[in-house]
Amino acid sequence: MSPQPGYQIPGRAPVDAFPDSGYWNQQFRSEPYFLEGDSYDDYEPAYRLGYQARHQHPGRDFDSLDEQLQRDWAASKGLSRLDWQRARQAALRAWERGEPRGM
């Protein structure tokens with residue numbers, strides 16, 4: 001289970017929650033790719049990756065970044081149990097949610 005936002009584990013560097021982390025923490029169990037036994041900690045790095053990619057590459061589409069995102073996933077997944085194929089679905093959902101309104 002993830003600590004509450006703002007909680008600091010003594011002796012560890014703080015981890016900044018990305019702006020949509022609260023939404024995804026509540027939503028991830030309702031997503032079609034969720035499997036029983038998964039935890040938010042499995043999905044959080046994928047949501048973060050998709051959110052950050054959307055904001056770093058506003059003129060690109062998700063598919064054009066797939067290879068780069070797969071490499072980024074391998075480097076940033078931490079203890080997540082998801083392989084790229086499963087993480088990709090969550091990253092895509094975060095990318096879609098992060099789309100600027102009015103596009």
Side-chain angles (χ1 to χ4, degrees):
M1 179 152 96
S2 297
Q4 293 297 316
Y7 174 78
Q8 175 59 47
I9 298 172
R12 292 181 77 187
V15 176
D16 294 330
F18 66 102
D20 275 359
S21 64
Y23 171 82
W24 289 114
N25 197 359
Q26 296 297 313
Q27 180 66 24
F28 81 100
R29 288 181 187 90
S30 300
E31 294 296 317
Y33 47 78
F34 171 76
L35 297 178
E36 196 62 43
D38 289 346
S39 74
Y40 181 67
D41 292 335
D42 292 319
Y43 291 99
E44 191 277 340
Y47 292 135
R48 179 185 299 269
L49 179 66
Y51 177 89
Q52 290 173 339
R54 165 55 89 184
H55 290 86
Q56 291 170 353
H57 305 284
R60 306 272 304 269
D61 65 28
F62 187 87
D63 290 335
S64 73
L65 294 168
D66 192 79
E67 287 182 26
Q68 177 183 340
L69 293 174
Q70 185 172 4
R71 286 189 301 272
D72 292 347
W73 173 249
S76 66
K77 68 183 265 179
L79 298 177
S80 173
R81 298 174 291 172
L82 303 183
D83 63 16
W84 172 240
Q85 291 307 310
R86 292 193 57 219
R88 185 184 190 283
Q89 297 174 69
L92 176 58
R93 287 286 290 123
W95 170 280
E96 292 168 345
R97 180 171 160 79
E99 183 173 316
R101 304 297 182 238
M103 286 187 75

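Computed from a predicted structure; not experimentally measured. Each residue takes its place number in the sequence, starting with 1.
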Electrostatic pair Asp83:Arg88 at N-O distance under 4.0 angstrom: no
Check against side-chain hydrogen bond (donor to acceptor under 3.5 Å, both in side chains), Tyr51 and Arg97: CA-CA 8 Å; Tyr51 177 89; Arg97 180 171 160 79; over 6 Å; no
Show your working on side-chain hydrogen bond (donor to acceptor under 3.5 Å, both in side chains) between Tyr47 and Asp20 and close with a plain yes or no. CA-CA 8 Å; Tyr47 292 135; Asp20 275 359; over 6 Å; no
Counting neighbours of CD on Gln56 that are heavy atoms of other residues, nucleotides or ligands and sit closer than 6.0 Å, is the number greater than 12? yes
Would you say the side-chain atoms of Ser21 pair up with the backbone N or O of Phe18, donor to acceptor, closer than 3.5 Å? yes
Taking the basic N atoms (NZ, or NE/NH1/NH2) and the acidic carboxylate oxygens, is any pair closer than 4.0 Å for Asp41 and Arg81? no
Working to the nearest 0.5 Å, report the span between CZ of Arg48 and CH2 of Trp73. 11.0 Å
Under 6.0 Å from the CG atom of Leu35, do we count more than 12 heavy atoms belonging to anything else shown? yes
Closest heavy-atom pair, Ala90 versus Tyr43, reported as atoms and distance to 0.1 Å, is CB-CD2, 3.9 Å
Could you tell me which non-hydrogen atom of Ala87 sits nearest to which non-hydrogen atom of Ala46, and how far apart they are? O-CB, 3.5 Å
Look up atom CZ in Arg86 and atom CG in Asp38, then write down how far apart they are to the nearest 0.5 Å. 4.0 Å
Which pair of non-hydrogen atoms, one from Arg93 and one from Tyr23, has the smallest distance, and what is that distance? NH2-OH, 4.5 Å
Give me the atom names and distance for the closest heavy-atom approach of Phe28 to Ser39. CE1-C, 3.6 Å
Where do Arg29 and Phe34 come nearest, in terms of heavy atoms and distance? O-CD2, 3.6 Å
Flag the pair Tyr33 / Leu92 as yes when at least one side-chain heavy-atom distance between them is below 4.5 Å, and no otherwise. no
Considering residues, nucleotides and ligands other than Arg60, do more than 12 of their heavy atoms fall under 6.0 Å from its CZ? yes
Rounded to the nearest 0.5 Å, how far does CZ of Arg71 lie from CG of Asp66? 10.0 Å
Out of curiosity, Glu44 CD to Lys77 NZ, how far, rounded to the nearest 0.5 Å? 14.0 Å
Specify the closest pair of heavy atoms between Asp42 and Leu82, including all atoms of both residues, with the distance to one decimal. O-CD1, 3.3 Å
